[in-house]
Amino acid sequence: MSGGTNKTFAVAITGASGAIYAVRTLRALLADGHHVHLVMSKYGRYVLHEEQDWSSDESLLDFLRRVGGDEVDHGTLEEHSVNDLTRSISSGSAPCDGMVVVPCSAKTLSAIAHGTSSNLIERTADVTLKERRPLVLVVRETPMNLIHLRNMVTVAEAGASVLPAMPAFYQKPTSFEDLGDFIAGRALGLLGLDHELFTRWTGPRD
């Protein structure tokens, strides 16, 4: 990991398949010593339980320790209710170095594209855009219709980075965690962070 100055990031988990991308992104940010403001939608929480075997009687931090190791204790995690718009990250005056929505559902993509700001995820994304901070949307939908494509163009024109959940295979992944780390690494790179989550492409093999 980068080993650089600790920063503050917002992470949102919404109701699209691909909870492993959220887990590996959270693990990477926390292991690198950053402070994370976490917001989960109702169905983001549901998918995390369904796809990652997060037990209802286990705290999220304990779950992250179980699947990601004690390195997650290098950082700090602050969870907020999706309906609480009084949290600091809803204001542009609060320090925050960027946001990643992982995975980003088509519904959340649409809300961000149209600036509805009806919950803390949407409002924080809106703040991130207006303050010209990095906003990474790990869109997870397939196939995509024309509405999805137009919404992605809209958020890209507003300054967001659209990072579809499309892991590469040149690094020869051997596990689901490797696939998750590829997307997490690309997200961290777009947030301006160095990482060692996968081997970067350096050209053809000799």
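Tracing side-chain contacts under 4.5 Å through hydrophobic residues (I, L, V, M, F, W, Y), one never reaches V155 starting from L191; they form parts of separate clusters. Note on L163 and V23: same hydrophobic cluster, where clusters join Ile, Leu, Val, Met, Phe, Trp and Tyr whose side-chain heavy atoms are under 4.5 Å apart, directly or indirectly. Hydrophobic clustering, with ILVMFWY side chains joined whenever heavy atoms are under 4.5 angstrom apart, groups V39 together with I112. Taken together through direct or relayed side-chain contacts under 4.5 Å among Ile, Leu, Val, Met, Phe, Trp and Tyr, V127 and L85 form parts of separate hydrophobic clusters. Under the 4.5 Å side-chain heavy-atom criterion for ILVMFWY residues, a single connected hydrophobic cluster contains both L29 and M40.
Heavy atoms only, all atoms of each residue included: T8 and P95 are closest at CG2-O, 3.9 Å. Considering every non-hydrogen atom in both Q52 and A19, the closest pair reads CG-CB, 3.9 Å. The heavy-atom pair separating T124 from A10 by the smallest distance is CG2-CB, 3.9 Å. Of all heavy-atom pairs spanning V100 and A187, the tightest one is CG2-CB, 4.2 Å. Considering every non-hydrogen atom in both A16 and P103, the closest pair reads O-CG, 3.2 Å. L179 and A168 get closest at one heavy-atom pair: CD2-O, 4.3 Å.
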Take F182 and L197, measure what side chain to side chain contact (heavy atoms under 4.5 Å, CB included) needs, and give me the verdict at the end. CA-CA 7 Å; F182 180 85; L197 294 175; over 6 Å; no
Under the side chain to side chain contact (heavy atoms under 4.5 Å, CB included) rule, what do V139 and M144 come out as? Steps first, then yes or no, please. CA-CA 10 Å; V139 177; M144 294 180 182; 3.9 Å; yes
Pair Y43, K107 - check side chain to side chain contact (heavy atoms under 4.5 Å, CB included), show working. CA-CA 11 Å; Y43 292 106; K107 177 179 182 294; over 6 Å; no
Could you walk me through whether M152 and L109 satisfy the side chain to side chain contact (heavy atoms under 4.5 Å, CB included) test, starting with their C-alpha distance in whole Å, then the side-chain angles of each, then the deciding distance to 0.1 Å, before giving a yes or no? CA-CA 7 Å; M152 286 191 285; L109 169 66; 3.7 Å; yes
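Looking at heavy atoms from C-beta onward, S161 lies out of side-chain contact with L137 at the 4.5 angstrom threshold. R133 is listed as a side-chain neighbour of C96, based on a closest heavy-atom distance under 4.5 Å. The shortest side-chain heavy-atom distance between V101 and M99 falls under the 4.5 Å cut-off. Residues R186 and V136 have side chains not in contact (no heavy-atom distance under 4.5 Å, counting atoms from C-beta outward). Between D32 and H195 the shortest side-chain heavy-atom distance does not fall below 4.5 Å. Between N83 and L120, every side-chain heavy-atom pair lies at or beyond the 4.5 Å cut-off. Using a 4.5 Å heavy-atom cutoff, the side chains of V153 and L149 are not in contact. Side-chain contact check for L26 versus V11: some heavy-atom pair is nearer than 4.5 Å.
Under the ring-ring contact (aromatic ring centres under 6.0 Å, His included) criterion, Y21 pairs with no residue, sequence neighbours left out. Residues satisfying the ring-ring contact (aromatic ring centres under 6.0 Å, His included) test with H74, not counting sequence neighbours, are none.
The environment of OH in Y170 is crowded: more than 12 heavy-atom neighbours from other residues, nucleotides or ligands sit within 6.0 Å. The environment of R150 atom CZ is sparse: at most 12 non-hydrogen atoms of other residues, nucleotides or ligands sit within 6.0 angstrom.
Considering CG of L188 and CG of D194, their distance stands at 9.5 Å, rounded to 0.5 Å. Summarising the geometry, atom CD1 belonging to I89 is positioned 13.5 Å from atom CZ belonging to F9; distances are rounded to the nearest 0.5 Å. In this structure, the separation between CG on L38 and NE2 on H80 is 8.0 Å, given to the nearest 0.5 Å. From E131, atom CD reaches atom OG of S91 across 7.5 Å, with rounding to the nearest 0.5 Å. In this structure, L30 CG and D73 CG are separated by 8.5 Å, a value rounded to the nearest 0.5 Å. Taking CG from D126 and NE2 from H114, the interatomic distance works out to 13.0 Å, rounded to the nearest 0.5 Å.
For residues 81-102, the pairs satisfying salt bridge (Lys or Arg N to Asp or Glu O under 4.0 Å) are D84-R87, with sequence neighbours left out.
Paired with S17 under the rule side chain to side chain donor-acceptor pair (under 3.5 Å), one option of R140, E51, E141 passes, and it is E51.
In this structure, T14 contributes its side chain and S105 its backbone to a donor-acceptor pair below 3.5 Å.
Residues T116 and E122 have side chains that bring a donor and an acceptor to within less than 3.5 angstrom of each other. T76 and H35 form a side-chain donor-acceptor contact under 3.5 Å, judged by distance and modelled atom types alone.
Aromatic ring orientation, H49 versus W54: parallel (interplanar angle below 30°, classes split at 30° and 60°).
Classification of R24 and E177 as a salt-bridged pair fails, no side-chain N sitting under 4.0 Å from a carboxylate O. Remark: R65 does not engage E71 in a salt bridge, criterion side-chain N to carboxylate O under 4.0 Å. Between R45 and E79, at least one side-chain nitrogen of the basic residue sits less than 4.0 Å from a carboxylate oxygen of the acidic one, meeting the salt-bridge criterion.
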